[in-house]
Amino acid sequence: MNENTIRKLIPRLALGVAIMVCTACENYLPEAFQEEEFSTALLDDNARTLLIDTLTVPVNASISDTLDSLIADSSIVSPGDVNWNVVMPGDTGYVVLANDGTTSGAAATLFFYDDIVAMVVTEEDGSPVEPTSEHIPLETIAYAPEIRTRLGYDLSGGQDYVVRFVSSVSSFHLVILEGE
């Protein structure tokens, strides 16, 4: 084959390949877009509702990290249907989690924030408690973008804990719920 013949065949071959690709792709395209329903966990839904639809209860995350000083400063939070507005004096703050154990049998204590917050939970004797869950399910991210941080802990009822927050913002909202 000479060069002129090859030049004449290239557009015909390209057209043939394009037609084959277009007709082959039609077999793989769905007839209609199918919507899927996703549901979020009940606790995530409750937390979202509390974060956006309820009045906030202010709490001062004072500078002191000792349990006695925090209790004296009334820097106490507890699990329940409350939207806490945590105000911090700097990038680190402390509160007491009064876990009275009224919801015995709860699998976890979940902390929901409307901002990016790092948190360390410490028992009364000073030993840290490791989180059991640090991820947000994708369904919750899609349905409740107000929830920016979600942390789960297994905490004993009837014991108080010191909670240390680290955040770049001076205030944020916190909801603490117990359950799965």
Residue pair Leu97, Val121: steps toward the side-chain contact (heavy atoms from CB on, under 4.5 Å) verdict: CA-CA 9 Å; Leu97 173 63; Val121 176; 5.6 Å; no
Listed partners of Asp114 passing side chain to side chain contact (heavy atoms under 4.5 Å, CB included), at least two apart: Leu51, Phe172, His173
Distance (rounded to the nearest 0.5 Å) between Asp44 CG and Arg150 CZ: 4.0 Å
Heavy-atom donor-acceptor pair, Thr149 side chain to Val117 backbone, under 3.5 Å: yes
Leu43 CG to Leu110 CG distance, which is reported to the nearest 0.5 Å: 5.5 Å
Nearest-0.5 Å distance that lies between atom OG in Ser168 and atom CG in Asp115: 6.0 Å
Cluster overlap Ile116 with Leu138, hydrophobic side-chain contacts below 4.5 Å: no
Same cluster (ILVMFWY, side-chain, under 4.5 Å), Tyr113 and Tyr143: no
Worked check of side-chain contact (heavy atoms from CB on, under 4.5 Å) between Leu177 and Asp81: CA-CA 7 Å; Leu177 298 174; Asp81 293 337; 3.8 Å; yes
Rounded distance [0.5 Å steps], CD1 in Ile141 versus CD1 in Ile136: 5.5 Å
Backbone N/O of Asp160 and side chain of Glu124: donor-acceptor pair under 3.5 Å: yes
Which atom of Ala47 lies closest to which atom of Ile147, heavy atoms considered: CB-CD1, 4.1 Å
Joint cluster assignment, Val169 & Leu151, ILVMFWY side-chain distance < 4.5 Å: yes
Single-linkage hydrophobic cluster, 4.5 Å side-chain cutoff, Val120 and Val95 together: no
Non-neighbouring partners of Phe111 that pass ring pair (Phe, Tyr, Trp, His ring centres under 6.0 Å), sequence neighbours left out: Tyr153
Which atom of Pro79 lies closest to which atom of Ala98, heavy atoms considered: CD-O, 3.7 Å
Distance-minimising heavy-atom pair for Leu50 and Gly80: CD1-O, 4.4 Å
Minimum-distance pair of heavy atoms, taken over all atoms of Thr92 and Met88: N-CE, 4.0 Å
